[in-house]
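Structure first, then comments.
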Amino acid sequence: MVAKLVIDKKREGRALESAEIRDFVAGFTAGEIPDCQMSALAMAICCRGMDERETADLTDAMMRSGECLEWDAVPPSADKHSTGGVGDKLSLVIQPLAAACGLAVPSLTGRALGLTGGTADKLESIPGYNAALSLDEFQRVVRETGLAMTVQTDTITPADRKLYALRDVTGTVASIPLIVASILSKKLAEGAGTLVFDVKCGNGAFMKTREDAAALAKALVAGARAAGRRSAALITDMSSPLGRAVGNANEVAEALAILRGEVPQDRPDVALSVELASLMVSLAAEIPLDGARRMASEKLADGSALAKFEAVVSAQGGDLGRFEAYMKSPVSRFRVQSMRYGAVAAIDAEKVAEVAFALGAGRSKPGDRIDPLAGVDLAVGVGDRVALGAPLATLVKSGGPDGLEEAAAELLKAFTIAHSAERPASLVLERVGLDG
Ligand code: URA
């Protein structure tokens, strides 16, 4: 394989052979193909695309660049991947819920980059929680508790880590085949037999339009199936934040409230959690979706999902008692009040994320420190009625109140208060890979 000829071929819009893709990725991972050639190929893929077979080959080559796990001796295994949204703490509910329904859930998760927080950062706001397990520890915790949630180690898909760093600086992130290979190679290496995708769509999401979200969802499901996994996706609305908390520690507190049954199951974010867990159960255990929905709903209501969450936190060294104390730490707060009487018609997710980020809840480059207590606590959701002067949200940060007043002025712009507004019936916009 001559790297320059492979780049030429893709630049001319021709399909690459499986062996060309495999050898290129292997050469890049081993450091034999320099970054400039990988960047050129990434740009050619961005401009010319890849068909389904090429995308599956690229995914497979990236998956095989590192360690791949297997789960023969455990119950049916499944994981859920979300493309990430504002206030998206749903993994903290869905993964324990699926495990409470009897699945093994090996969940390798991410840290925050950009505006939206990663599940690992949220979990690390629990004192003692080790979100950086070795792969041996990860496998042991999954076998013992049915679930583990940790960041992916350096030995999983090293090709993706190297390639993503290049894509980030060469304008080659926005390419469906590259995104699919990146997301899917990591999820396939995790070894779960079923993969469910929550593809977020809207101004607070990676995919802003319905067309882009649908293209990504279809490609992810096709790729997972090509790799022999059961798979389905939901395209879900991300125009307003999920739930009420946007940050890190406050999102864990909200997930705990959901798991404790303190939030009604028909609130849209809770209903979406139950639906995604049900999909995992239905596909992995091969039972009808209606039965899986009943089971998931019961396991949330009877405290089994909460018990699973407590078990995994404890198995990974976390202390929920100390977390409750941590949530009472001294912080600076600022309340945002409604300037109008009416109903909340929209809460701009991107704007809320920008404010949470400015308070310290996110990081702009790997290694930046985040403030786990920083964030936005919404007092209302879309469809709620508000009086003049009623609280809309509270901004929170560690340390002094500097910057809070300016942030509050920005946050106010996120709210559209109209004469009347409907509460969304469901966040699910479209189902991919399912009949009903
Ligand atoms: N998330 C990933 O893991 N990879 C991408 O390319 C885009 C989003």
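Counting from 1, the numbers follow the sequence of the chain as shown. No experiment lies behind these values; they were computed from the predicted model shown. Indexing begins at 1, ligand by ligand and atom by atom, following the structure's order.
Across all non-hydrogen atoms, the minimal contact from Y164 to S182 is CD1-OG, 4.3 Å.
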Tabulation required: pairs of a nitrogen or oxygen in ligand 1 and a protein nitrogen or oxygen under 3.5 Å; columns are atom names and distance to 0.1 Å; otherwise 'none'.
from	atom 1	to	atom 2	distance (Å)
ligand 1	3 (O)	S182	OG	3.4
ligand 1	3 (O)	K186	NZ	2.5
ligand 1	4 (N)	S182	OG	2.6
ligand 1	6 (O)	R167	NH1	2.8
ligand 1	6 (O)	R167	NH2	2.9
ligand 1	6 (O)	S182	OG	3.4

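Partners of K9 by salt bridge (Lys or Arg N to Asp or Glu O under 4.0 Å), not counting sequence neighbours, listed by chain and number: E17, E20. Checked against salt bridge (Lys or Arg N to Asp or Glu O under 4.0 Å), D319 has no partners two or more places apart in sequence or in another chain. Scanning for salt bridge (Lys or Arg N to Asp or Glu O under 4.0 Å) contacts around E52 gives an empty result, with sequence neighbours left out.
The environment of CD in E262 is crowded: more than 12 heavy-atom neighbours from other residues, nucleotides or ligands sit within 6.0 Å.
Under 4.0 Å is where a charged nitrogen must lie from a carboxylate oxygen, and between D121 and R363 at least one such pair does.
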